[in-house]
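Just so we're on the same page: letters track the sequence lines, and every chain starts at 1. As the structure is a prediction and not an experimental result, all values here were calculated from the model.
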Protein chains: 2
Amino acid sequence: MTVSKTAEKSSEKPAETAKGRKDAADGPGEALQLGELSEQLGYVLKRAQLKVFENFLRCMASLQLTPAQFSVLLLVEKNPGRNQTEIASTLGILRPNFVAMLDNLESRDLCARIRSTNDRRSHILVLTDKGKAVLARAKKLVATKHEARLNEVLGPSNRAALLGMLSKIANEF
Amino acid sequence: MTVSKTAEKSSEKPAETAKGRKDAADGPGEALQLGELSEQLGYVLKRAQLKVFENFLRCMASLQLTPAQFSVLLLVEKNPGRNQTEIASTLGILRPNFVAMLDNLESRDLCARIRSTNDRRSHILVLTDKGKAVLARAKKLVATKHEARLNEVLGPSNRAALLGMLSKIANEF
DNA sequence: GATAATTGTTATGGACCATATCAAATATCG
DNA sequence: CGATATTTGATATGGTCCATAACAATTATC
């Protein structure tokens, strides 16, 4: 340890630079300097992701759907007749963790596991009628509330550009 | 439940549309259709964030720094003399969860808690000499390996545009 | 000087993620 | 065919991250 414990004046350097905040007698709080942090793409990316998910949850409050659940319903709808392993793996969900997720969706009668006759090990996933209806409503909520808010902040063309760059990162990285 | 259990032919609709995959006799796996999922900004955003963090961890393997730890070191460096509550809250970390993080960094002699003489409740955070040295090396690794890879994939101008849009989302959402 | 608020801390529970393991069913191959 | 390996869904378990309540020490407030 090279730091003198119980130092406060820490005269060392006037590193407090501009606007030099005085040691004691702070104002109402004095916001911290983000510094290079606001240039770290990973940091901003994470922050943005949290905000987007948070907004998604608010928009979906009436349907009680998380982003992960919504993605499962979307994928099952577009790929009927697939089993748990296939759906889970393309979503990056590990099979063991997918079980509880499906238990939840199935208990709410949004999707169903059907024992395949071709391969009696696997469970074919299908949306129930209620699941299809809920998903349809979810899509509308996403479009009219969630994505609409994003368009407000970014503008449609920027939104498309953003999606393109994120896809590049997600795929070619 | 409106779904007939133990159905497989599921003739219902030939929803398998194009390229109609036959019921049994699958090829090597037949990739699933992402469908609207690839248009969901939240989904792609999360995917990209995971990839970026994963790459960050690889680049930092020699220094054993996580993104969160790196952000703490950066923030403490730019804001010396702040206490735990201030550092934690501007990073979106809850005070209770920040304790273990600091225990870790302090046990590795990267930063130190100093009891303030102004307010003997609070702990002033400072980087140790080793902490400054490690952070300097970390910055170089981030620049030469991590951000360099991002520039390869996106190009410098796109990277700047991406950062700008993500900041907008992170702040004005 | 009594009461309220703040700081760091502990304890605790939930959500998410990862690994090992298992029984049932299927595939593989001698 | 039959022994062995593989696959599928499932359970158990542990780790990490995130959130809340509560506490002692200290400080602020009135």
May I have the step-by-step check of ring-ring contact (aromatic ring centres under 6.0 Å, His included) for B/F70 and A/Y43, ending in yes or no? CA-CA 10 Å; B/F70 180 66; A/Y43 177 75; over 10 Å; no
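Atom-to-atom distance recorded for B/R95:CZ and B/N83:CG is 10.0 Å, nearest 0.5 angstrom. Rounding to the nearest 0.5 Å gives a distance of 5.5 Å between CG of A/L150 and CG of B/L41.
In terms of position on DNA chain D, the residue among A/V99 and B/L94 whose nearest nucleotide sits closer to the 5' end is A/V99. Looking at which nucleotide of DNA chain D each of A/D103 and A/K46 is closest to, the 5′-most match is held by A/D103.
Relative ring orientation between A/H146 and B/F173 is described as perpendicular, the plane-to-plane angle rising above 60° on a 0-90° scale split at 30° and 60°.
Contacts of A/R95 with the nucleic acid, taken as non-hydrogen atoms under 4.0 Å apart, are absent. When heavy atoms are screened at a 4.0 angstrom cut-off, A/N97 is found touching base atoms of the nucleic acid.
Cluster membership check: B/V76 shares its hydrophobic cluster with B/L63, using side-chain heavy-atom separations under 4.5 Å among Ile, Leu, Val, Met, Phe, Trp and Tyr.
Sorted by first then second residue, the salt bridge (Lys or Arg N to Asp or Glu O under 4.0 Å) pairs that include residues 34-51 of chain B, not counting sequence neighbours, are A/K78-B/E36, A/K139-B/E36.
In 5' to 3' order, the nucleotides of DNA chain C bounding all contacts with chain A (an atom under 4.0 Å from a heavy atom) are C/dC17 to C/dT26. With a heavy-atom cut-off of 4.0 Å to chain B, the contacted part of DNA chain D has its first and last nucleotide at D/dC18 to D/dT27.
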